[in-house]
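Keep in mind that this is a model prediction, so the values were computed, not measured. Convention: sequence-line order gives letters A, B, ...; per-chain numbering from 1.
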There are 2 protein chains.
Amino acid sequence: MTLSDKNFAFVMHCGEMGSRWGFNRTIGQMCGLLIITKEPMTANEIADALSISRGNVSMGIKELQSWRLIKVQHIPGDRKEYYAPAGSIWDMANRVFEERKKREIDPTLSLLRDNLLEPATNDDEKFAQQQMHEIHDLLETVTKWSSELQRLSPEQLQSLMKLGSGIGKVLDFKDKILKK
Amino acid sequence: MTLSDKNFAFVMHCGEMGSRWGFNRTIGQMCGLLIITKEPMTANEIADALSISRGNVSMGIKELQSWRLIKVQHIPGDRKEYYAPAGSIWDMANRVFEERKKREIDPTLSLLRDNLLEPATNDDEKFAQQQMHEIHDLLETVTKWSSELQRLSPEQLQSLMKLGSGIGKVLDFKDKILKK
DNA sequence: CTCAAGTTTCAATAAATAATGAAATTAATG
DNA sequence: CATTAATTTCATTATTTATTGAAACTTGAG
């Protein structure tokens, strides 16, 4: 199976973006490829489509699975494993977001908490702790919010997403109500 | 000037996280160092504190400036350039967020728009376009939201941040009002 | 204009990361 | 249980990315 020019361009772009999104070029390509391909693909098909080694595909699959972005499927009477995206685009975006939070925010939060437990022993440390405190609070707010978004029902999310510029108005509205 | 153990640990951690946050180890360290240091620092002081070459610092500064994370200051009668964070923690987080959006989302959005303008010429392309359409819509929503957040007043932001788990309730409330 | 302090650049080098492919492993089939 | 299709592993190699430091450049002061 060969990709059309347009689809190939998309897959290559996913590769370029791959490293920015948290994985590497090849894995970005694999992810893009599986997303735009209707039928599940075997590891060999992936290797062919992207002109990369079979071993590389195997490693990429492992990585994509650790991000919970792809799933394995079997076809009766066929020994091969078939790979497909593990959910909707929205699901996948959520996974990436979650995973990145885990890798980019959580470790820092943990370090900051430890650091802030011990009292500062001089002025330099005192100032540093003030700054760390701000970072800590910010990251904690982000964390709280992201878990909050996970908790919303799909309808609520829909509603929130469509809100757009309305968010300001809703906030003002809420404030008014609360003041009474 | 030497860093205390705790401050050193923080700076090193910023280094480890650096690559995840979009820049490299050294630049992460520089950023962390400038954040926890009360006084602006010269390039040489930075090089000393981190045990890296003067040239490396120069390149790091350029990069941090391109992210609009640091600013230059001058001390009268002193020829050297002094560097300091370009704003509050919140400002810096915003800059990183904005810059990452520019690097991670905007290029993809642009590619998808181009691709979706041309009609699909076969079934594979048709399916691919459906998927790309979903990605496009998702990214556009994210974009709209982030620019929306930028537009909110600091008080509204404060209010929104504190809302946390209340967001669901406010949404339900808003829906009820609108239905009437 | 000249000097010197300070900064930037960039070719060379070092370090980190990714990809290959052959060998080892696993697992379905008869 | 032997065969073989399929997958995984991992030492080696290739590629990419980061760092150094000397030379070039810039700029303020005399």
Side-chain angles (χ1 to χ4, degrees), chain A residues 11-34 39-67 70-84 103-104, chain B residues 11-34 39-67 70-84 103-104:
Chain A
V11 170
M12 289 302 116
H13 177 86
C14 290
E16 307 301 326
M17 285 299 122
S19 49
R20 300 193 188 283
W21 280 89
F23 16 80
N24 68 31
R25 180 149 36 89
T26 306
I27 293 176
Q29 291 173 355
M30 288 178 57
C31 189
L33 178 64
L34 289 175
E39 302 302 325
M41 298 180 79
T42 65
N44 278 320
E45 285 170 346
I46 296 173
D48 280 357
L50 303 177
S51 312
I52 57 178
S53 73
R54 186 51 238 278
N56 202 358
V57 172
S58 185
M59 292 164 95
I61 285 168
K62 222 169 56 174
E63 178 77 4
L64 284 172
Q65 278 171 334
S66 89
W67 285 73
I70 61 173
K71 63 181 174 192
V72 188
Q73 285 182 343
H74 284 101
I75 293 184
D78 187 340
R79 222 154 136 165
K80 294 189 282 298
E81 317 222 84
Y82 287 79
Y83 300 96
R103 297 174 188 214
E104 298 174 8
Chain B
V11 170
M12 289 302 115
H13 177 85
C14 290
E16 306 302 326
M17 285 299 121
S19 49
R20 299 194 189 283
W21 279 89
F23 16 79
N24 68 31
R25 180 152 36 89
T26 306
I27 293 176
Q29 291 174 354
M30 288 178 55
C31 190
L33 178 63
L34 289 174
E39 302 302 325
M41 297 180 79
T42 64
N44 278 321
E45 286 170 346
I46 296 172
D48 280 357
L50 302 177
S51 313
I52 58 178
S53 74
R54 186 50 238 277
N56 202 357
V57 172
S58 184
M59 293 167 96
I61 285 168
K62 222 168 57 174
E63 178 76 3
L64 284 172
Q65 280 172 332
S66 90
W67 285 73
I70 62 173
K71 63 180 175 192
V72 189
Q73 284 183 344
H74 283 101
I75 293 184
D78 188 341
R79 227 155 133 164
K80 295 189 282 299
E81 317 221 85
Y82 287 79
Y83 300 96
R103 297 172 189 215
E104 298 174 7

Distance-only criterion, 3.5 Å: show the donor-acceptor pairs between side-chain atoms of residues 39-48 of chain A and protein atoms not counting sequence neighbours.
residue	atom	partner	partner atom	Å
A:Thr42	OG1	A:Glu45	N	3.1
A:Glu45	OE1	A:Thr42	N	3.0

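- DNA chain D is contacted by A:Ser58, A:Met59, A:Lys62 of residues 58-67 of chain A, taking any non-hydrogen atom closer than 4.0 Å.
- For the segment residues 12-26 of chain B, residues with any heavy atom less than 4.0 angstrom from an atom of DNA chain D are, sorted by number, B:Asn24, B:Thr26.
- One interatomic measurement links the two molecules: NE2 of B:His74 to P of D:dA29, which rounds to 11 Å at whole-angstrom precision.
- Bounding nucleotides for the chain A contact on DNA chain C, 5' to 3', at a heavy-atom distance below 4.0 Å, are C:dA18 to C:dA28.
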Enumerate, atom names and distances included, each donor-acceptor pair closer than 3.5 Å involving a side-chain atom of residues 17-29 of chain B, sequence neighbours excluded.
residue	atom	partner	partner atom	Å
B:Arg20	NE	A:Arg103	O	3.4
B:Trp21	NE1	A:Glu104	O	3.4
B:Asn24	OD1	B:Thr26	N	3.2
B:Asn24	OD1	B:Ile27	N	3.0

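- A heavy atom lying under 4.0 Å from DNA chain C marks the following residues of residues 45-57 of chain A, by number: A:Ile52, A:Ser53, A:Gly55, A:Asn56.
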Could you go through nucleotides 3-5 of chain D and list every protein N or O atom that sits under 3.5 Å from one of its N or O atoms, giving the distance for each pair?
residue	atom	partner	partner atom	Å
D:dT4	O2	A:Arg79	NH2	3.1
D:dA5	N3	A:Arg79	NH2	3.2

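- With a 4.5 Å cut-off on side-chain heavy atoms, A:Val72 and A:Tyr82 do not count as touching.
- Summarising the geometry of B:Gly32 relative to B:Cys14, their closest heavy-atom pair is CA-SG, 3.7 Å, with the distance given to 0.1 Å.
- Note on residues 70-81 of chain B: pairs passing salt bridge (charged side-chain N to carboxylate O under 4.0 Å, His left out), not counting sequence neighbours, are B:Asp78-B:Lys80.
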Can you give me every donor-acceptor pair (side chain of residues 53-64 of chain B, partner residue at least two apart or in another chain, under 3.5 Å) with its distance?
residue	atom	partner	partner atom	Å
B:Ser53	OG	B:Asn56	N	3.1
B:Glu63	OE2	B:Trp67	NE1	3.1

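- The C1' atoms of five pairs define one axis at each end of the helix from C:dC1-D:dG30 to C:dG30-D:dC1, and these two axes lie 20° apart (to 10°).
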